[in-house]
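Quick notes on the structure that follows.
A note on names: the letters A, B, ... follow the listed sequences, proteins ahead of strands, and every chain is numbered from 1.
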Amino acid sequence: MTELNFSERVYEQVCRIPRGSVATYGQIAALAGNPRNARVVGYALHSNPKPGIIPCHRVVFRDGSLAPGFAFGGPERQRELLEAEGISFIPPKDNESKPAGADGWLVDLARCQWKA
DNA sequence: CACCTGACCGTGG
DNA sequence: ACCACGGCCAGGT
């Protein structure tokens, strides 16, 4: 029943992310008990069995970029939500090409990454 | 029942 | 510093 524990674990951790902070898939995976299982973390969230109670928008990439395409309604939508929560965002630099998945906006993990 | 893909991450060349 | 590949786990077809 590892899968049930794992998925539930992921949801638990994600729900535990304090407002104004963000966590990475790897971090959630590590908290779930499998640091290499970051992939399944994304699966669990994509599955999103409990929409509305799981702040998936607080989960970002290791690079600080938001999830591509999927978004729960749009990458910019996620940016608005995170920004509304008090998350610090770093606008894309024209000179510095950053691998931004969403809008090019990166979350300031150095400031907002949730510390378990 | 077996195969394949997938919201990722880390390391090597 | 950048590009590429592999690995791990779970869920769906």
Rounded distance in Å - CG (L31(A)) to P (dC9(B))
14 Å
Donor-acceptor pair, side chain of Y43(A) and main chain of A38(A), under 3.5 angstrom:
no
Could you give the CD1-to-P distance, from I28(A) to dC9(C), as a whole number of Å?
18 Å
For R62(A) and for V40(A), find the nucleotide of DNA chain B with the closest heavy atom, then tell me which residue's nucleotide is more 5'.
V40(A)
Those residues that, when tested against E85(A), pass side-chain hydrogen bond (donor to acceptor under 3.5 Å, both in side chains) (two or more places apart)
R58(A)
Rounding to an integer number of Å, can you tell me how far D63(A) CG sits from dC2(C) C1'?
13 Å
Atom-pair distance (CG on N34(A); C1' on dG10(B)), nearest Å
16 Å
With heavy atoms under 4.0 Å as the rule, sort R36(A) into base, sugar-phosphate or nothing.
base
Check the distance between dG7(C)'s C1' and Y25(A)'s OH and give it to me in whole angstrom.
19 Å
Short question: side chain of D63(A), backbone of S65(A) - any donor-acceptor pair under 3.5 Å?
no
d(CG, N37(A); C1', dC8(C)) in whole Å:
6 Å
Would you check if the side chain of Q78(A) reaches a backbone N or O of H57(A) as a donor-acceptor pair within less than 3.5 Å?
yes
Rounded to the Å, how far apart are L109(A) CG and dC9(B) C1'?
14 Å
Measure from OH on Y43(A) to P on dC9(B) and round the result to the nearest Å.
15 Å
